[in-house]
Structure formats: structure tokens, C-alpha cells
Amino acid sequence: MVTSIQNTQVLLLATVLLAACLAKLMIRERALDVPDHVHGVPVPAGLTALRRSRGLNVGLGLGEGLLGLALLVTSHVSVRLATTVAFAAATWVVGELRAHRPDAGCGCFGGLSGKRVGVRTVLRAVLFTAAAVASLGAPLAGLQVLRDVQAQVGVVLLAELALFAALSPELSALLERGGLAPGRGRPPMPCERRRSPIAETYATLYESGAWAEHENLVSSALPLDVWREGCWRFVVFPARVDGRDTEIVFAVSTGERDRVVLSAFAQPEEAGAGPLSAVL
């Protein structure tokens, strides 16, 4: 039974790596829609440049594809070790993104992974790493397992694929792209023309990682100013940081889907004129 489970992990990991490869090569990531100005001040260039390189995505996809094929054709320990290291590194990356870039997707499956990293994505990466560790002792390569699929292997593989699907927000994104999601098959309205109620803005703001990070700094529940520019609504709150009065500007996207929240600090006397210290 233990050997069957180990062999199953080889098939699972090969399937995931090949799927990630195809997604990265075929589905482009959407560029991060970052505002050029916040509170009347230009956003630092480094912030607007935070978008994944297409060349890097293609390179990662090809590497994942080669690793997936290698799992199918050979049982050499070096391939298994490389797979384990790759998934361990991916787990660290998604954990860092969840902690420090709550507005960004992981890009695990190309453009399908545009939603912000959640608990499910981190848990999925941890389970894949555990599967890679379990596969180290598997005696067979993936194609050898496929030539003589045992009932135990089939049952375990189907159960793990079902768990993988349940932990993958990319599945709903794929359905949306194919027009199969109930009520969501139509193209989204351009964000600059879409009606965005103020209640929706506040709901998005209060559920965001940016608000959770700075909530304790906000000194009043009432905003100082609220206005909209194109695809963004800006909400300014008074704040106190290290004994100094300041302002926090939250930029809340008004898009129909995948709304994000950015934040920046501004000195009250320099609002609309001075430099900003942008915080994601």
C-alpha cells in the first residue's frame, strides 16, 4: 500500500507540473493595474514596475514541463530531489506573497493565478511539497505506473486530484474564461465606466490585506476625503505613526472582478504635493 501511494505521487506531481507548464505558455498574466498617481502625487516607479516578466514565465513553464516529463520517463533520485526542491521553493514563495503582497497572484498557473494568494493556495503548495517528499522512495517512473495501473493507484490519484481541484482558485478562473461560470460568462464592464457604489468600495477596503496591515494606525473611522479617478476610488484616513500625524491613502479598484487595494502614506501638509512612501 505504501509503495502504491508513493508511485501515485509521481503521477500527481507530473500532472501538476505539465498543467502548470501549459498554463504559463498559453495563458498570459494580466498586467497589474497600478495607479500612476495617488493623492495627486506620482507613485514611485518601482511600484508600477511590479509585474511578472513574460520571459520569466515562459522559462519557468519550460522548466516545469521538463521536470514533469522527467518524472514520467525516469525514476532517478536526482529528478525526485529537483522536484522536491522546486515545490519547497514554491511553498516559500506563495507564503511570502501572502504575507507581503496580498494584492498579487502567485502566477502558479500563468494568467489563471491572478487572484491574491489565500490560505488554500498556501495549503496546496505545502501538500505538493509533502507529495514530492513521499515520491522520493517511489520505485517506478510515471509511465511505468501508467502501464500497469492498479486499483489502489487509481483511487488515490482521483482523490488527490479532487483535493487539488478543491484547493485551486484557478478552476473558477478557467470557467470564467470559458464563459461557463454561472452568470459570469459575459465580458466584464470596463472599470472606468462601471458604476461602483461607495458601500462596495468600503466592503472591499475593509476585507483587504492593506487595511488589515494599517488598521491600528488609523485614528478616525471617518475618512478625510473620498474621490474617484477612472478605475480607482481613493479613500484618505487620518493616522498616527510613531507619534506623528499623517494620512493613509487607500486606492480601491472599481473593477467588476478581482478588485485590489493599495495604500500609501502622505504628510497632511504635503498632501497633493510631497513625496509618498508607498506601502503594499
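Scope of the values below: all heavy atoms of this structure, side chains included, with no hydrogens, waters or symmetry mates.
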Distance-only check: which donor-acceptor pairs under 3.5 Å involve side-chain atoms of residues 60-67, not counting sequence neighbours?
| from | atom 1 | to | atom 2 | distance (Å) |
| --- | --- | --- | --- | --- |
| E64 | OE1 | K24 | NZ | 3.1 |
| E64 | OE2 | K24 | NZ | 3.3 |

Would you confirm whether [X], through its side chain, and [Y], through its main-chain N or O, come within 3.5 Å as a donor-acceptor pair?
| X | Y | answer |
| --- | --- | --- |
| T83 | A132 | no |
| E215 | A212 | no |
| T129 | F87 | yes |
| R98 | V122 | no |
| S135 | A138 | no |

Could you go through E200 and R194, starting from their C-alpha distance and side-chain angles, then the distance that decides it, and tell me whether this counts as salt bridge (Lys or Arg N to Asp or Glu O under 4.0 Å)? CA-CA 12 Å; E200 175 188 86; R194 177 178 175 268; 2.7 Å; yes
Going by atom types only, do R259 and T204 share a side-chain donor-acceptor pair under 3.5 Å?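 Yes, a side-chain donor-acceptor pair sits under 3.5 Å.
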Residue that, paired with Y206, satisfies ring pair (Phe, Tyr, Trp, His ring centres under 6.0 Å) out of F250, W211, F237: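 So the option named by the test is W211.
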Which of these passes side-chain contact (heavy atoms from CB on, under 4.5 Å) with L123: L163, L167, T91? L167
Can you check side-chain hydrogen bond (donor to acceptor under 3.5 Å, both in side chains) on E229 and W227, steps first, answer last? CA-CA 7 Å; E229 294 181 15; W227 76 95; 2.8 Å; yes
Salt-bridge criterion met for R228 and E192 (N-O under 4.0 Å): no
Test T74 against H76 for side-chain hydrogen bond (donor to acceptor under 3.5 Å, both in side chains), laying out the working first. CA-CA 6 Å; T74 180; H76 198 279; 5.9 Å; no
side-chain contact (heavy atoms from CB on, under 4.5 Å) partners of T246, counting only residues at least two apart: A239, V241, F265, Q267
V260 and W232: side-chain contact (heavy atoms from CB on, under 4.5 Å), yes or no, with the steps? CA-CA 10 Å; V260 299; W232 298 86; 3.7 Å; yes
Worked verdict on E247 versus L224 for side-chain contact (heavy atoms from CB on, under 4.5 Å): CA-CA 9 Å; E247 293 176 358; L224 297 173; 3.6 Å; yes
